[in-house]
Amino acid sequence: MTAIEVGKAPNFIRRIIEDDLRNGTHGGRVHTRFPPEPNGYLHLGHAKSICLNFGLAAEFKGKCNLRFDDTNPETEEVEYVESIEEDVRWLGFDWEDRLYFASDYFDQLYGYAVDLIRQGKAYVDSLSGDQIREYRGTLTEPGRDSPYRKRSVEENLALFERMRNGEFADGEHVLRAKIDMQSPNINMRDPVLYRIRHATHHRTGDKWCIYPLYDFTHCLSDAIEHITHSICTLEFEDHRPLYDWCLDNLNTPSRPRQYEFARLNLDYTVLSKRRLIELVSAGHVKGWDDPRMPTLSGIRRRGHTPEAIRDFCERIGVTKADTRIDLGVLENCVREHLGQAAMRVMGVLDPLRVVIENYDSGRTEDLSAPNHPQRPELGGRTLPFCNEIYIEREDFMEDPPKGFFRLAPGCEVRLRYAYLITCRDVVRDASGKVAELRCTFDPATRGGDAPDGRKVKGTLHWVSARHALTAEVRLYDRLFSVPDPDAGGGDWRANLNPHSVTVLDRCRVEPSLSHARPEARFQFERLGYFCADRRDWSPDRPVFNRTVTLRDTWAKKANR
RNA sequence: UGGGGUGUAGCCAAGUGGCAAGGCACGGGACUUUGACUCCCGCAUUCCCAGGUUCGAAUCCUGGCACCCCAGCCA
């Protein structure tokens, strides 16, 4: 089956797999893996990799493992393991019974290292870290052999065993591959395979005091798991010769191949674990799941959906070109999904009181409204109406510009699913600010239609002042004020957007929202998509996060 | 200036010698009880540049240029 036949955009990795399948490489199997290091939370960049790896496996009837690359006990924690599992599952992927840890292979890895030593292809080096760096040479000058490079196999074997037994302090010795100190590829200049770290590992505890490095661990873990296509990001391209060297020099149960694609860059945010950690620890955001964060837990809390993120990952493509994706692409994906999935409700963010003078003040009536105008099967709900309502303050202008078809003195507008009303008077407070509007309604327009067929262009959202719930609404904007916060060499933190969050605590929402549950998503008509905060929402204190606004061509026009 | 990569519209991206898909953005219009959605229409005589091969080049060749990655006992 080709990419076109399954309805997916072709990309170079799909093509490689199709070729391999055609040629019977890897025995016709497709087996990928997603290999996060548990030292941070997953972000959108990881989502691209997850969708690629799990997606390819599903597409070609293969499998995808979840494997934690946990070879650095000093930075890794179970909190991260747990969050990563939750996020991958939330995104919609299933590793079934294939949850693995590189640390599960420490015994085998040790055996492979001994094998390399026996073959004379690895040695224990006793240079200090600084010396190793000196001997390595530079980008343009070749390196020099370590004086310890010629140690005998027996001596290396003994020393390596003593390293394992804890006889040395951190940094005293390392195990290195014996490749080529002259290589133009720095990764091949006798790379370090094992280092001594007297640290407690989150899974193996104190069993080990030597830990293998990424290059040695990753290729062998892939081989142990019978991975066929080991897909990673571009910065590992230079490591591929080393990946291949290890597998070519060791007797492994399978022979995986590594392929590299460009990592994701997104406008107005940062997607490096280092930066994200800094944001959290410096308190620029309120934790890893702050709705402004590009972490999966952050955008989840913001209200994004797994469907939208998967769609996003499919749309941005997979190539080897460095790219920076327009934020609009992500926003468009959520809008598209929520546009068909989210129930519609009404909520007023900045309430302006409206009194309907000719509506009996003792009366309340129930008006009905569909939950989704395009999807009648989603049912409807009831909206209480009375003589006191709230509308959005910005929907009224005393002196409107041409083309403004909302409320203004003497003008008639429609209250969505209710009545046509006309503004008769403006009441001000002591400071001169508009405090209240006095309007009249047309009793013949119940539901919003005028029996005489007169056209009313403007339709406003509203809530009954006597029935509305008070809610807190958090408005989120881009975390940074420039597209590429890390560019330019200046302090990236200076590019943080000081207005990335606005908390509104006197919003009024329709009473049906009392039945909302944490993480429920809605379209607040004419405003945008909002999500009940999964941490802070409670029936007593509804809290909604704005996921994204609706497209607003009026605002665009008004800005011009 | 060593090695490894990448250059197709504002942002992504197909394209693999036969005459530049698609998405986002943008502009115009229709529809509209969400200025939303939806629907139309428009948007690269040209593919980093310069030569060359060919009846024919984004695709092949030669030479440039620009950008990204690599000198952790991180991944």
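These numbers come from the heavy atoms of this one structure, side chains and all, not from hydrogens, waters or symmetry mates. Within every chain, numbering begins at 1; the chains are lettered A, B, ... in the order of the sequence lines, protein sequences first and strands thereafter.
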Classify [X] by what it touches in the nucleic acid, base, sugar-phosphate, or nothing, heavy-atom distance under 4.0 Å.
X       : answer
I196(A) : nothing
V192(A) : sugar-phosphate
G403(A) : base
T75(A)  : nothing
S183(A) : nothing
S126(A) : nothing
I325(A) : sugar-phosphate
Y211(A) : nothing
K273(A) : nothing
R274(A) : nothing
E37(A)  : sugar-phosphate
Q523(A) : base
F404(A) : base
P373(A) : base

Report the distance from atom [atom1] of [X] to atom [atom2] of [N], rounded to the nearest whole Å.
X       : N      : atom1 : atom2 : value
E394(A) : G35(B) : CD    : P     : 11 Å
W245(A) : G4(B)  : CH2   : C1'   : 20 Å
K320(A) : C12(B) : NZ    : C1'   : 18 Å
R416(A) : A36(B) : CZ    : P     : 13 Å
R375(A) : U34(B) : CZ    : P     : 18 Å
L407(A) : G35(B) : CG    : P     : 14 Å
E314(A) : G22(B) : CD    : C1'   : 12 Å
I84(A)  : A75(B) : CD1   : P     : 14 Å

Have [X] and [Y] got a donor and an acceptor in their side chains that come within less than 3.5 Å?
X       : Y       : value
Y110(A) : E161(A) : no
N332(A) : R315(A) : yes
R310(A) : H337(A) : no
S49(A)  : N53(A)  : yes
N39(A)  : E76(A)  : no
E79(A)  : Y41(A)  : yes
S126(A) : R151(A) : yes
R33(A)  : S230(A) : yes

Any Lys/Arg nitrogen of [X] or [Y] sitting under 4.0 Å from an Asp/Glu carboxylate oxygen of the other?
X       : Y       : result
R263(A) : E237(A) : no
E365(A) : R446(A) : yes
D222(A) : R67(A)  : yes
E392(A) : R526(A) : no
D267(A) : R324(A) : yes

Where the side chain of [X] is defined as all heavy atoms beyond and including C-beta, which of [options] is the nearest nucleotide?
X       : options                : result
D326(A) : C11(B), A13(B), A36(B) : C11(B)
R197(A) : U16(B), U34(B), C74(B) : C74(B)
R406(A) : C74(B), G35(B), C24(B) : G35(B)
A321(A) : U6(B), A75(B), G2(B)   : U6(B)
P10(A)  : G15(B), C12(B), U34(B) : G15(B)
D69(A)  : C73(B), A75(B), U34(B) : A75(B)
Q374(A) : C74(B), A36(B), A14(B) : A36(B)

When syn is taken as a glycosidic angle within 90 degrees of 0, is G64(B) syn or anti?
anti
Indicate whether Y214(A) forms a stack on A75(B); treat it as stacked only if centroid distance is below 5.5 angstrom and interplanar angle below 30 degrees.
no
Check for me whether R203(A) meets the cation-pi criterion with F101(A), that is, NZ or CZ under 6.0 Å from the six-membered ring centre and within 45 degrees of the ring axis.
yes
Check for me whether R335(A) meets the cation-pi criterion with Y529(A), that is, NZ or CZ under 6.0 Å from the six-membered ring centre and within 45 degrees of the ring axis.
no
Checking only heavy atoms, does the side chain of K457(A) share a donor-acceptor pair with the base of U32(B) at less than 3.5 Å?
yes
Is a donor-acceptor pair below 3.5 Å formed from side chain R414(A) to base U34(B), judging by atom type as modelled?
no
Taking OP1 and OP2 of [N], is either one under 4.0 Å from a side-chain nitrogen or oxygen of [X]?
X       : N      : answer
K556(A) : C26(B) : yes
T319(A) : A13(B) : yes
R15(A)  : G15(B) : yes

Taking RNA chain B as the partner, which of residues 330-350 of chain A come within under 4.0 angstrom of it by heavy atom?
N332(A), R344(A)
Using Watson-Crick or G-U wobble geometry with both distances under 3.5 Å, which nucleotide pairs with [N]?
N      : value
C11(B) : G23(B)
U38(B) : A30(B)
G2(B)  : C70(B)
G56(B) : none

Could you pull out the protein-nucleic contacts involving nucleotides 39-42 of chain B (nitrogen or oxygen on both sides, under 3.5 Å)?
none

Under-3.5 Å N/O pairs linking protein and nucleotides 67-71 of chain B:
from   : atom 1 : to      : atom 2 : distance (Å)
C68(B) : O4'    : D322(A) : OD2    : 3.4
C68(B) : O2'    : D322(A) : OD2    : 3.4
A71(B) : O2'    : R136(A) : NE     : 3.3

5' priority, RNA chain B, between G317(A) and V329(A) [closest heavy atom]
G317(A)
Closest to the 5' end of RNA chain B, once I132(A) and R446(A) are matched to their nearest nucleotides, is R446(A)
Between A13(B) and C31(B), how far apart are the two C1' atoms, rounded to whole Å?
32 Å
Over 60° means perpendicular and under 30° means parallel, so tell me whether W288(A) and Y80(A) are parallel, tilted or perpendicular.
perpendicular
